[in-house]
Amino acid sequence: MAEHVYVDGSEAPGAVRVRRATAGDAEAVTRVFLDSRAAAMPWLPRIHSDADTLAWITHVVLPTSTAVWVAEAGGEGGEVLGFAVLAGRDELDHLYLRPDALRRGIGSRLLAEVRGAVDGPIRLYVFQRNAAARAFYERHGFTAVAFDDGGRNEENEPDVLYRWAP
């Protein structure tokens, strides 16, 4: 659904659409993932090459996740600005935005899609040092319920389990 739509159904300039991802979005989703992590978490070790990350997005994330949504600029065929991934019935596995797409409500729109697809509580993990992401989720009603030493993720970075209930 478009953020700004005219009476004739056309989209206003600057509109952002959220839609289900397709296999053709793999490269754009990978680029958002890599660019977002590099900008927001420069301290995070790079475990995989760009090519390996593209293969993971292409062959694992897109085809096996419960749902993947992309936010794109300017409607049909626009640039991908961000994406969200629902894994299983209740885990927000990824929500990433391009660094130039922050603070425009796009993350909130993607989160709303996830909430609309889940019937009940939602859980997610965030790296403890990712203060901006933690603040975003807390503003949206998520509560920290457990802290981990990093042993559960391949980066070995301490994280926080957050939970939201309707």
Side-chain angles (χ1 to χ4, degrees), residues 1-42 44 48 50-127 130-142 162-166:
M1 178 174 293
E3 184 173 67
H4 304 289
V5 178
Y6 293 116
V7 174
D8 67 0
S10 64
E11 295 181 7
V16 174
R17 292 174 51 96
V18 174
R19 62 169 174 80
R20 288 291 183 108
T22 67
D25 293 315
E27 286 188 31
V29 166
T30 301
R31 187 79 269 142
V32 169
F33 180 84
L34 293 170
D35 291 350
S36 177
R37 286 171 67 105
M41 299 174 283
L44 194 63
H48 303 285
D50 291 3
D52 286 345
T53 302
L54 174 60
W56 170 67
I57 295 285
T58 301
H59 301 294
V60 177
V61 174
L62 290 174
T64 68
S65 297
T66 303
V68 180
W69 295 270
V70 294
E72 62 183 12
E76 200 69 33
E79 292 183 43
V80 172
L81 302 173
F83 71 97
V85 176
L86 177 63
R89 294 183 345 201
D90 68 347
E91 183 173 359
L92 174 56
D93 202 19
H94 302 285
L95 195 162
Y96 287 96
L97 299 178
R98 279 187 359 195
D100 64 343
L102 298 174
R103 307 217 188 297
R104 293 172 39 193
I106 298 166
S108 297
R109 298 247 336 265
L110 287 165
L111 183 56
E113 291 292 331
V114 174
R115 284 180 168 162
V118 175
D119 184 25
I122 298 171
R123 62 190 173 94
L124 60 89
Y125 286 92
V126 176
F127 294 120
N130 192 345
R134 291 182 65 185
F136 170 81
Y137 292 117
E138 289 170 8
R139 276 194 312 274
H140 285 86
F142 284 79
Y162 277 90
R163 184 175 184 274
W164 172 84

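None of the values given here were measured: they were computed from a predicted structure.
- A pairwise comparison of heavy atoms in Val114 and Trp69 identifies CG2-CZ3, 3.6 Å as the closest pair.
- Considering only heavy atoms from C-beta on, Asp93 stays 4.5 Å or farther from Leu86 through its side chain.
- Thr53 pairs in a side chain to side chain contact (heavy atoms under 4.5 Å, CB included) with only one of the listed residues (Val61, Thr30, Thr58), which is Thr30.
- Within 6.0 Å of CZ on Arg139 lie more than 12 heavy atoms contributed by other residues, nucleotides or ligands.
- Between Ile106 and Ala101, the shortest heavy-atom distance links the atoms CD1-O, 3.7 Å.
- Side-chain atoms of Tyr125 and Tyr162, non-hydrogen and from C-beta on, never get closer than 4.5 Å to each other.
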Check your understanding: Can you check side-chain contact (heavy atoms from CB on, under 4.5 Å) on Glu72 and Glu79, steps first, answer last?
Key -> CA-CA 5 Å; Glu72 62 183 12; Glu79 292 183 43; over 6 Å; no
Exercise for review: Would you check, one step at a time, whether the test side-chain contact (heavy atoms from CB on, under 4.5 Å) holds for Leu124 with Val126?
Suggested key: CA-CA 7 Å; Leu124 60 89; Val126 176; 3.3 Å; yes
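- In this structure, Pro166 and Pro121 approach most closely via the heavy-atom pair CD-N, 3.9 Å.
- Contact record, Gly107 with Leu97: N-CD1, 3.7 Å, taken as the closest heavy-atom pair.
- The nearest pair of heavy atoms linking Val18 to Glu113 is CG1-CG, 3.4 Å.
- Residues Arg98 and Ser36 fail the side-chain proximity criterion, which asks for heavy atoms closer than 4.5 Å.
- Counting only distance, with no hydrogens or angles, the side chain of Ser65 and the backbone of Ala87 share no donor-acceptor pair below 3.5 Å.
- Inter-residue side-chain proximity for Leu92 and Tyr137 is flagged as met; some heavy-atom pair is nearer than 4.5 Å.
- Residue Glu138 qualifies as enclosed at atom CD: its count of foreign heavy atoms under 6.0 Å is above 12.
- For the side-chain hydrogen bond (donor to acceptor under 3.5 Å, both in side chains) condition, the pairs that include at least one residue of residues 82-92, sequence neighbours left out, are Asp90-Arg123, Glu91-Arg123.
- In this structure, Arg115 is positioned above the aromatic face of Trp164, its NZ or CZ under 6.0 Å from the six-membered ring centre and within 45° of the axis.
- When atom types are taken as modelled, the side chain of Asp25 and the backbone of Thr22 share a donor-acceptor pair closer than 3.5 angstrom.
- Residues Phe136 and Phe142 fail the side-chain proximity criterion, which asks for heavy atoms closer than 4.5 Å.
- Summarising the geometry of Pro99 relative to Ala39, their closest heavy-atom pair is CG-CB, 3.6 Å, with the distance given to 0.1 Å.
- At a threshold of 4.5 Å between non-hydrogen side-chain atoms, the residues Arg104 and Leu81 count as touching.
- The shortest distance between side-chain heavy atoms of Trp56 and His48 does not fall below 4.5 Å.
- Between Asp50 and Leu34, the closest side-chain pair of non-hydrogen atoms falls below 4.5 Å.
- Here the side chain of Arg37 pairs no donor or acceptor atom with the backbone of Val32 at under 3.5 angstrom.
- Counting non-hydrogen atoms of other residues, nucleotides and ligands closer than 6.0 Å to CG of Asp52 gives a total above 12.
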